[in-house]
Amino acid sequence: MARVTAGVATSHVPAIGAAIDRGRTREQYWAPVFAGYEWSKAWIADHTPDVVLLVYNDHASAFSLQMIPTFAIGCAESYPIADEGLGPRPVPVVEGHGGLACHLAEQLILDEFDMTVVNEMSVDHGLTVPLSLLFGQPERWPVRVVPLAVNVVQYPPPTGNRCYALGEAIRRAVASYPEDLDVQVWGTGGMSHQLQGMRAGLINAPFDNAFLEKMTAEPEALRQIPHIEYLREAGSEGIELVMWLVMRGALGAHPKELHRVYHVPASNTAVGHLVLEAGWPT
Ligand code: DHB
Ligand code: FE
């Protein structure tokens with residue numbers, strides 16, 4: 001039987017990917033950001049899952065305003081790296097897990113989550129930067145990845161409550177897959193940031209730290225945060241945090257916080273990172 005063993009939350013700032021790709025991680029500006037991930041890299045080397053269900057958002061790379069799926073699940077065997085304007089990042093192709101992905105698509109849809117099934121797409125920094133942060137620069141990624149894309153780019157995104165419920169359904173769906181698989185669920189994006197307009201550069205450390213604190217033991221409070229509160233408190237791109245709630249919903253009751261990082265700044269963003277061990281049994 002497959003099971004969700006752990007969850008990882010991390011920001012997915014594209015400049016972090018560029019710093020890794022260009023060998024700039026030891027520079028004064030970047031060193032504290034990467035220091036926060038040293039523990040996690042050692043941890044995941046000992047706890048490498050078979051599959052990462054990676055919750056992220058596409059930033060108008062694979063999808064455009066022509067197609068805006070609220071929740072999309074990748075069922076392909078592999079995913080090319082998107083060209084976001086400067087050529088694709090020099091990272092390995094992302095290998096999928098078609099068997100688990102098709103099972104999840106079926107179970108989630110029968111569980112009344114109307115997923116969009118994607119059989120072909122490229123993946124952008126939202127998905128590749130978290131892989132680089134945890135796995136560095138390998139020849140091949142050491143895990144298979146099931147991409148789960150959430151629309152947080154074009155209004156209306158799904159509510160945090162709906163994202164959490166999707167996570168709960170993911171936990172059930174993983175547990176009904178017959179193959180013995182260790183599955184981690186990662187939630188990416190956040191924390192507070194706003195990339196445009198009058199409030200560009202907004203960072204709200206009290207909001208972010210309260211969010212980090214409540215992720216483990218008080219997720220019910222986070223489920224209730226309305227869109228307008230994310231906008232007001234965490235900036236227009238702070239809404240990416242609803243993707244962390246998919247991860248949290250998949251961990252069941254009483255997960256354990258293993259690691260926490262908060263660092264400002266990385267580009268325009270407050271970097272937040274959590275490693276949570278799943279509650280077990282549910
Ligand atoms: C930045 C952060 C993001 O999450 C993103 O998708 C793009 C840019 C930034 O801080 O620059
Ligand atoms: Fe983003």
Side-chain angles (χ1 to χ4, degrees), residues 4 6-14 16-17 52-63 68-74 94 104 108 113 115-116 118 121 123-131 133-134 145-171 174 183-195 207-208 211-212 214-216 219 221-227 229-231 233-251 255 261-262 266 269-276:
V4 176
V8 173
T10 177
S11 306
H12 61 215
V13 186
I16 290 178
V52 171
L53 192 145
L54 207 156
V55 184
Y56 77 110
N57 67 291
D58 178 80
H59 301 75
S61 303
F63 308 132
I68 309 170
T70 302
F71 294 122
I73 183 163
V94 173
L104 291 177
L108 292 173
F113 287 85
M115 310 299 291
T116 297
V118 181
M121 68 173 168
V123 288
D124 72 11
H125 70 269
L127 185 137
T128 62
V129 167
L131 288 175
L133 278 167
L134 273 290
V145 176
V146 174
L148 198 158
V150 179
N151 166 43
V152 290
V153 167
Q154 176 64 35
Y155 188 84
T159 63
N161 188 50
R162 187 66 174 159
C163 288
Y164 192 96
L166 175 62
E168 293 177 311
I170 287 168
R171 184 172 179 83
V174 167
V183 179
Q184 289 182 5
V185 180
W186 292 11
T188 79
M191 295 198 87
S192 55
H193 62 301
Q194 171 145 344
L195 301 179
F207 176 89
D208 290 340
F211 198 96
L212 286 166
K214 289 182 178 148
M215 271 289 283
T216 306
L222 301 181
R223 289 178 83 152
Q224 305 312 323
I225 299 176
H227 289 142
E229 190 173 330
Y230 283 106
L231 270 175
E233 300 297 330
S236 51
E237 277 68 47
I239 191 66
E240 290 182 343
L241 283 169
V242 296
M243 296 186 288
W244 290 30
L245 297 182
V246 180
M247 177 274 269
R248 178 60 188 87
L251 296 189
V261 171
Y262 186 67
T269 307
V271 168
H273 170 45
L274 287 174
V275 179
L276 305 181

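One N or O on the side chain of His59 and one on the backbone of Asn57 form a donor-acceptor pair closer than 3.5 Å. His273 places no side-chain N or O within 3.5 Å of a backbone atom of Tyr262 that could act as its donor or acceptor partner. With hydrogens and angles ignored, the 3.5 Å screen pairs no side-chain donor or acceptor of Asp208 with any backbone N or O of Met191. Checked by atom type and distance alone, the side chain of Ser11 pairs as donor or acceptor with a backbone atom of Gly190 at under 3.5 Å. Judged by distance alone, with hydrogens and angles left aside, the side-chain atoms of Gln194 form a donor-acceptor pair with the main-chain N or O of Ser236 at under 3.5 Å.
Leu245 is listed as a side-chain neighbour of Phe211, based on a closest heavy-atom distance under 4.5 Å. Using a 4.5 Å cut-off on side-chain heavy atoms (C-beta onward), Val185 and Val55 make contact. A heavy-atom distance below 4.5 Å is not found between the side chains of Ile170 and Val183. Here the side chains of Met215 and Leu222 are in contact, with some heavy-atom distance below 4.5 Å. Side-chain atoms of Phe63 and Val153, non-hydrogen and from C-beta on, never get closer than 4.5 Å to each other. At least one side-chain heavy atom of Phe71 sits under 4.5 Å from a side-chain heavy atom of Pro158. A 4.5 Å side-chain heavy-atom check between Leu274 and Trp244 finds at least one atom pair inside the cut-off. Considering only heavy atoms from C-beta on, Ile239 comes within 4.5 Å of His227 through its side chain.
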- Message: Does Val146 form a side chain to side chain contact (heavy atoms under 4.5 Å, CB included) with Ile73? I'd like the steps, not just the answer.
- Response: CA-CA 7 Å; Val146 174; Ile73 183 163; 3.9 Å; yes
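To the nearest 0.5 Å, atoms CH2 (Trp186) and CG (Leu133) are separated by 8.5 Å. Between the OG1 atom of Thr269 and the NE2 atom of His12 there is a distance of 7.5 Å, given to the nearest 0.5 Å. Once rounded to the nearest 0.5 Å, the distance linking OG1 of Thr159 with OH of Tyr230 reads 9.0 Å. Separating the CG atom in Leu108 from the CG atom in Leu148 is a distance of 7.5 Å, to the nearest 0.5 Å. Interatomic distance, CZ of Arg248 versus OH of Tyr164, reported as 4.0 Å (0.5 Å rounding). Annotation: the span from Gln184 atom CD to Leu134 atom CG amounts to 7.5 Å, rounded to 0.5 Å.
Of all the heavy atoms in Asp124 and Ser61, the pair that sits closest is OD2-OG, 2.9 Å. Scanning both residues, Thr188 and Gly126, for their nearest heavy atoms gives OG1-O, 3.5 Å. Between Met121 and Gly74, the shortest heavy-atom distance links the atoms CE-CA, 4.2 Å. Residue Lys214 comes nearest to Ala221 through the heavy atom pair CD-CB, 4.1 Å, listed as atom of the first residue, atom of the second, then distance. Shown here for Asn151 and Pro69, the closest heavy-atom pair between the two residues is CB-O, 3.3 Å. For the residue pair Phe207 and Leu241, the shortest heavy atom distance occurs at CE2-CD1, 3.9 Å.
Listed by chain and number, the residues in a salt bridge (charged side-chain N to carboxylate O under 4.0 Å, His left out) with Arg162 amount to none (sequence neighbours excluded). Applying the salt bridge (charged side-chain N to carboxylate O under 4.0 Å, His left out) test to Glu168 and every residue at least two apart in sequence or in another chain returns Arg223. Under the ring-ring contact (aromatic ring centres under 6.0 Å, His included) criterion, His193 pairs with no residue at all, not counting sequence neighbours.
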